[in-house]
Engineer: 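Below is a structure I'd like to ask you about.
Just so you know, ligand 1 is whichever comes first in the structure, and atom 1 is the first atom listed for that ligand.
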Amino acid sequence: MDKDSIFKKNMEDSYGRIAKKLRISVTDRCNMQCVYCMPYNNTNWLEQNTLLSYEQIVHLVNIFAKFGIEKIKITGGEPTVRPKIEELVKSLSNIDGIKSISMTTNGLLLKDKVKKLKDSGLNSITISLDTFNQKRFKAITGIEGGLTKVLDSIDAAKTAGLQVKINVVIMRGWNEDEIVHFAQFSRETNTIVKFIEFMPLDGTGIWTNNLVFSKREMIQLINTKVKKLVPLFNDNSDPARLYSFEDGIGIVGFIPSITEPFCQYCDRIRITSDGKFYTCLFEKKIYDLKVLLQEGKSDAEIGEYILENIKKKPEGIISLTRLNLLKPTLNQMHTIGG
Ligand code: SAM
Ligand code: SF4
């Protein structure tokens with residue numbers, strides 16, 4: 001049998017979901033300490049020599065692309081702290097079958113890098129921002145004076161011609177009073193703003209159900225205080241449920257991972273910066289792809305290992321909510337990559 005015939009198969013799991021999108025965490029390190037993500041005073045970083053090199057990442061993406069992966073998201077930790085990240089973007093954009101490359105970043109260092117990233121083939125960028133208030137920005141991220149830098153990066157990304165989206169994690173008692181401001185920001189700046197329900201992927205142990213401000217509550221607030229929302233056509237595999245307003249100005253999205261989990265449509269898989277393969281954010285098993293690369297396994301052998309393990313993709317957070325098993329730090333977002 002042709003050794004590459006394995007790649008005629010889809011990456012289909014036991015629930016019939018076919019993986020199409022790959023998120024690559026390029027580092028677990030970060031220049032922020034968001035309360036909903038990073039352990040306090042974290043020093044427990046991966047050793048630099050355990051990280052996948054860019055060549056190894058490109059090698060793995062070549063394999064995933066043969067299985068039908070079309071979209072790549074580069075994330076972390078903070079992807080812009082990894083040196084010469086634009087070189088990775090360039091190499092990934094040359095891989096057959098890869099149709100788009102995006103990045104999720106906290107925006108702190110983005111302004112000076114964004115043009116290079118765009119010129120290297122980055123198609124779109126998601127910038128995380130949870131508040132427009134300087135003091136609150138410091139309370140959430142630990143960074144003094146960072147808000148201006150992030151706002152400047154948003155402008156720079158637009159000027160560079162990238163499609164820009166904003167991610168906002170809403171935590172009850174922290175920033176739900178800014179939902180209206182973010183909705184207005186979307187309308188005034190023609191930027192898609194995605195509101196994310198707080199997930200128990202915190203490194204701090206602060207997650208509780210009470211801190212989850214639900215999609216339903218957010219919609220109610222925007223309907224009464226801004227303008228009536230109108231649902232847009234939604235690609236079910238996109239975690240964000242998108243809405244416009246009745247006058248057609250502005251787009252907001254909601255990622256209701258807790259109150260309306262969308263696991264049945266999940267087409268995402270992940271690799272971590274040290275080469276672990278995760279089929280789900282809430283997975284506990286470890287599939288090590290870096291070891292296979294180091295052992296000199298062929299693409300077909302690595303492909304077989306991936307296919308074997310994709311079958312074990314868990315149902316997802318939906319099974320944990322059903323069984324009331326949500327609790328803090330179920331996993332750590334900064335290592336797996338959001
Ligand atoms: N450092 C980059 C950033 O912040 O955009 C990329 C990595 S970060 C882990 C990816 C996304 O996950 C961010 O938009 C962040 O707000 C979100 N995130 C982190 N922890 C989360 C949590 N516990 N619940 C919901 N979203 C979370
Ligand atoms: Fe860093 Fe992003 Fe986590 Fe904030 S959400 S601590 S910016 S990895």
Engineer: Going by atom types only, do Glu178 and Thr131 share a side-chain donor-acceptor pair under 3.5 Å?
Structural biologist: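 There is such a pair (donor and acceptor under 3.5 Å, judged by atom type) between the side chains of Glu178 and Thr131.
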Engineer: Which of parallel (below 30°), tilted (30 to 60°) and perpendicular (above 60°) describes Phe277 and Phe64?
Structural biologist: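 It falls in the tilted class, 30° to 60°.
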Engineer: Compare Met103, Met199, Glu78, Gln332 and give the one whose heavy atom is closest to atom 25 (C) of ligand 1.
Structural biologist: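 The option holding the nearest heavy atom is Met199.
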Engineer: For ligand 1, which atoms have a heavy atom of Thr75 less than 4.0 angstrom away?
Structural biologist: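 Those of ligand 1 that fall under 4.0 Å from Thr75 are 6 (C), 7 (C).
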Engineer: Near Asn106, which atoms of ligand 2 are under 4.0 Å from a heavy atom of that residue?
Structural biologist: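 Atoms satisfying the 4.0 Å criterion: 7 (S).
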Engineer: Mind telling me whether Phe185 and Phe132 have parallel, tilted or perpendicular rings, with 30° and 60° as the class edges?
Structural biologist: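 Taking Phe185 first and then Phe132, their aromatic rings sit tilted (interplane angle of 30° to 60°).
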Engineer: Would you check whether Gly76 reaches within less than 4.0 Å of ligand 2, judged by its heavy atoms?
Structural biologist: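 Distance cut 4.0 Å: Gly76 fails for ligand 2.
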Engineer: Tell me which protein heavy atom sits closest to atom 6 (S) of ligand 2, plus the residue, atom name and distance to 0.1 Å.
Structural biologist: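 Protein heavy atom at minimum distance: Cys34 N, 3.3 Å.
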Engineer: Can you sort out which atoms of ligand 1 are near Cys37, meaning under 4.0 Å from one of its heavy atoms?
Structural biologist: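 Selected atoms, number and element: 19 (C), 20 (N).
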Engineer: Between Gln332 and Thr335, does any side-chain donor sit less than 3.5 Å from a side-chain acceptor?
Structural biologist: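 Thr335 and Gln332 do not have a side-chain donor-acceptor pair below 3.5 Å.
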Engineer: Polar contacts were defined as any N/O atom of the residue lying under 3.5 Å from an N/O atom of the ligand; does this apply to Thr126 and ligand 1?
Structural biologist: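 The answer is no, given that Thr126 and ligand 1 share no N or O pair closer than 3.5 Å.
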Engineer: Scan side-chain atoms only and decide if Ser237 and Lys21 contain a donor-acceptor pair under the 3.5 Å cut-off.
Structural biologist: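 Present: a donor and an acceptor within the cut-off.
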Engineer: Any carboxylate oxygen within less than 4.0 angstrom of a Lys/Arg side-chain nitrogen, looking at Arg216 and Glu260?
Structural biologist: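 Between Glu260 and Arg216 there is no salt bridge, as every charged N stays at least 4.0 Å from the carboxylate O atoms.
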Engineer: For ligand 1, which atoms have a heavy atom of Gly76 less than 4.0 angstrom away?
Structural biologist: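 Atoms satisfying the 4.0 Å criterion: 7 (C), 9 (C).
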Engineer: Which protein heavy atom lies closest to atom 10 (C) of ligand 1, and at what distance to 0.1 Å?
Structural biologist: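 The answer is Gly338 CA, 3.7 Å.
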Engineer: Verify whether one side chain among Thr50 and Glu47 offers a donor that lies under 3.5 Å from an acceptor in the other.
Structural biologist: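 Short answer, no.
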Engineer: Find all atoms of ligand 1 within a distance of less than 4.0 Å from any non-hydrogen atom belonging to Ile196, and give their numbers and elements.
Structural biologist: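 With Ile196 as reference, the close atoms of ligand 1 come out as 25 (C), 26 (N).
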Engineer: Show the atoms of ligand 1 that are less than 4.0 angstrom away from any heavy atom in Asn167.
Structural biologist: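 Close to Asn167: 14 (O).
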Engineer: Numbering the atoms of ligand 2 from 1, which are under 4.0 Å from a heavy atom of Cys30?
Structural biologist: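 Counting from 1, the qualifying ligand atoms are 1 (Fe), 6 (S), 7 (S), 8 (S).
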Engineer: Measure from atom 9 (C) of ligand 1 to every heavy atom in Lys194, Met333, His334 and give the option owning the shortest one.
Structural biologist: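 Closest candidate by heavy-atom distance is Met333.
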Engineer: For atom 3 (C) of ligand 1, what's the nearest protein heavy-atom neighbour? Residue, atom name and distance, please.
Structural biologist: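 Protein heavy atom at minimum distance: Ser128 OG, 3.4 Å.
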Engineer: Could you tell me, atom by atom, which parts of ligand 1 come under 4.0 Å of a heavy atom of Glu197?
Structural biologist: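 Under 4.0 Å from Glu197, ligand 1 has these atoms: 25 (C).
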Engineer: So which protein heavy atom does atom 3 (Fe) of ligand 2 come closest to, and at what separation?
Structural biologist: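 Going by distance alone, atom 3 (Fe) of ligand 2 is nearest to Cys37 SG, 2.4 Å.
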Engineer: Does a donor on one side chain sit under 3.5 Å from an acceptor on the other, for Thr105 and Glu78?
Structural biologist: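 Checked: Thr105/Glu78 side chains pair up, N/O donor to acceptor below 3.5 Å.
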Engineer: Tell me whether the centres of the aromatic rings in Phe198 and Phe213 are closer together than 6.0 Å.
Structural biologist: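 So the answer is no for these two rings.
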Engineer: Between the candidates Leu281, Val212, Val169, which shows the shortest non-hydrogen contact distance to atom 26 (N) of ligand 1?
Structural biologist: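 Minimum heavy-atom distance to atom 26 (N) of ligand 1 goes to Val169.
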Engineer: Who's closest to atom 7 (C) of ligand 1 heavy-atom-wise, of Gly107, Gly203, Gly77, Ser257?
Structural biologist: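 Answer by nearest heavy atom: Gly77.
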Engineer: Show the numbers, then the answer: is there a salt bridge (charged side-chain N to carboxylate O under 4.0 Å, His left out) between Lys194 and Asp238?
Structural biologist: CA-CA 12 Å; Lys194 295 182 291 174; Asp238 181 349; 5.9 Å; no
Engineer: What I want to check is whether the side chains of Tyr36 and Asp130 have a donor and an acceptor closer together than 3.5 Å.
Structural biologist: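 Yes, because at least one side-chain N or O of Tyr36 sits under 3.5 Å from a partner of the opposite role on Asp130.
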Engineer: Looking at Thr104, which atoms of ligand 1 are within less than 4.0 Å of one of its heavy atoms?
Structural biologist: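 That gives atoms 2 (C), 5 (O), 6 (C), 10 (C) of ligand 1.
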